[in-house]
Amino acid sequence: MEAKNTMTLLGHIAELRKRILRIAAVFIVSMAAGLFAAPHILTLLRTHSPLQVAWNVFSPWDGLRIYMSIAVVLSLLPTIPFGMYQIWRFVSQGLKPGEQKAAVRYIPFSASCFLVGVAFAYFVVFPMSLRFTAGINRQIGLVETYGVSQYFGFMFNIMIPLAIAFELPVIVMFLTRIGILSPSILKGMRRYAYVILVAVAALISPPDLVSHLMVAIPLIALYEISAWLAGWVHRKKLRAKEALELAGADGSYSAT
């Protein structure tokens, strides 16, 4: 028995190693493509920047750091969905058939929500924040000299939290599907969730009411969409359970 458990453990380790190697291979190939595309992406971002300013470097490493950062971001775009699929393939052996189907359906939905969050952050929140700070600088007579590292750091500090926030519907649906969350829990948490989301909006948007509302309202809408989806998933789960119990009762009745 102990030898069998050891072989099973070794088999799981070998399977995990195979999955990790596949993810690493996709990352390396994507990184090579990202290194090739990074200069073109930087040119595109500079051309279509919400604020036309010169990007300066204040360190010999700034240019290389930004170049590699853009390449890494580009490489993660295909690697993250592929990695999620590989993780699902690894853990699916311990999931029930219904949980397996639910998990694999959420992978493309999760990637889509992430891209929508990135687009909302870059095309709405980032230009609004950049123009606000530029206006303050001009009002107090400061000369705007932007370092490329600081520019992208400011951009990523806005984009990453919003992109993660847009994953909320996927997380809620999955946790509801496996029974950890329920619509009643989400309704009970609504007031606290609103306070947290408004605080997040205040942290990543300019300090004025209009900007707060432009960020807070979509975040609150995401929570309400998540609560509605949780209710839909919960009702669907209950109907499936009732149908299964009814089929079992019919089978028992027929057998008698």
Side-chain angles (χ1 to χ4, degrees), residues 23 26-84 108-140 142-168 200-208 210-219 222:
I23 295 172
V26 170
F27 176 77
I28 292 171
V29 173
S30 302
M31 186 68 178
L35 290 172
F36 174 78
H40 306 286
I41 298 298
L42 284 169
T43 301
L44 184 66
L45 292 176
R46 183 169 59 248
T47 304
H48 297 282
S49 173
L51 195 64
Q52 294 299 321
V53 294
W55 292 349
N56 300 279
V57 293
F58 303 127
S59 165
W61 297 104
D62 280 354
L64 179 61
R65 186 183 298 115
I66 296 303
Y67 179 81
M68 295 300 297
S69 297
I70 296 297
V72 169
V73 170
L74 293 175
S75 67
L76 289 177
L77 293 178
T79 302
I80 289 177
F82 181 78
M84 293 175 64
F109 186 39
S110 175
S112 300
C113 288
F114 184 82
L115 292 177
V116 171
V118 169
F120 176 75
Y122 182 75
F123 291 108
V124 177
V125 182
F126 175 60
M128 179 176 61
S129 301
L130 196 60
R131 292 191 184 102
F132 178 84
T133 55
I136 295 296
N137 292 334
R138 295 188 186 107
Q139 285 181 10
I140 59 180
L142 298 178
V143 178
E144 293 177 287
T145 303
Y146 287 87
V148 65
S149 181
Q150 288 74 20
Y151 180 91
F152 279 94
F154 180 70
M155 183 176 71
F156 289 145
N157 286 339
I158 293 173
M159 293 177 63
I160 293 174
L162 276 176
I164 294 174
F166 271 70
E167 294 292 306
L168 182 63
V200 170
L203 289 173
I204 62 178
S205 64
D208 64 88
V210 175
S211 300
H212 288 340
L213 291 176
M214 288 183 66
V215 179
I217 289 175
L219 292 180
L222 277 175

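Counting heavy atoms from C-beta on, the side chains of Val125 and Met159 never come closer than 4.5 Å. Between Leu162 and Leu219, some side-chain heavy-atom pair lies under the 4.5 Å cut-off. Within the 4.5 Å cutoff, side-chain heavy atoms of Tyr67 are placed close to those of Pro39.
No more than 12 heavy atoms of other residues, nucleotides or ligands lie within 6.0 Å of CZ in Phe36, so this atom counts as exposed by the packing criterion.
In summary, the aromatic rings of Phe166 and Phe120 are positioned with their centroids under 6.0 Å apart.
When the side-chain contact (heavy atoms from CB on, under 4.5 Å) test is applied to Ser59, the partners found at least two apart in sequence or on another chain are Trp61, Asp62. Annotation: side-chain contact (heavy atoms from CB on, under 4.5 Å) contacts of Phe152 (sequence neighbours excluded): Leu42, Leu45, Trp55, Ile66, Ile70, Val148, Met155, Phe156. Under the salt bridge (Lys or Arg N to Asp or Glu O under 4.0 Å) criterion, Arg46 pairs with no residue at all, not counting sequence neighbours.
Taking every heavy atom of both residues into account, Pro81 and Leu77 meet most closely at CD-O, 2.9 Å. Residues Leu74 and Ala37 approach most closely at CD1-CB, 4.0 Å, considering heavy atoms. Of all heavy-atom pairs between Ala163 and Val118, the closest is CB-CG2, 3.8 Å.
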Carefully, step by step, assess Ile158 and Tyr122 under the rule side chain to side chain contact (heavy atoms under 4.5 Å, CB included). CA-CA 8 Å; Ile158 293 173; Tyr122 182 75; over 6 Å; no
Run Met68 and Leu35 through side chain to side chain contact (heavy atoms under 4.5 Å, CB included) and show every step you take. CA-CA 7 Å; Met68 295 300 297; Leu35 290 172; 3.8 Å; yes
Could you walk me through whether Ser30 and Phe82 pass side chain to side chain contact (heavy atoms under 4.5 Å, CB included), step by step? CA-CA 11 Å; Ser30 302; Phe82 181 78; over 6 Å; no
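For the atom pair Thr145 OG1 and Asn137 CG, the distance stands at 10.0 Å (nearest 0.5 Å). Rounded to the nearest 0.5 angstrom, Leu142 CG and Ile136 CD1 are separated by 10.0 Å.
Taking the six-membered ring where the residue is Trp, Tyr146 and Tyr151 present perpendicular rings, their angle passing 60° and hence far from 30°.
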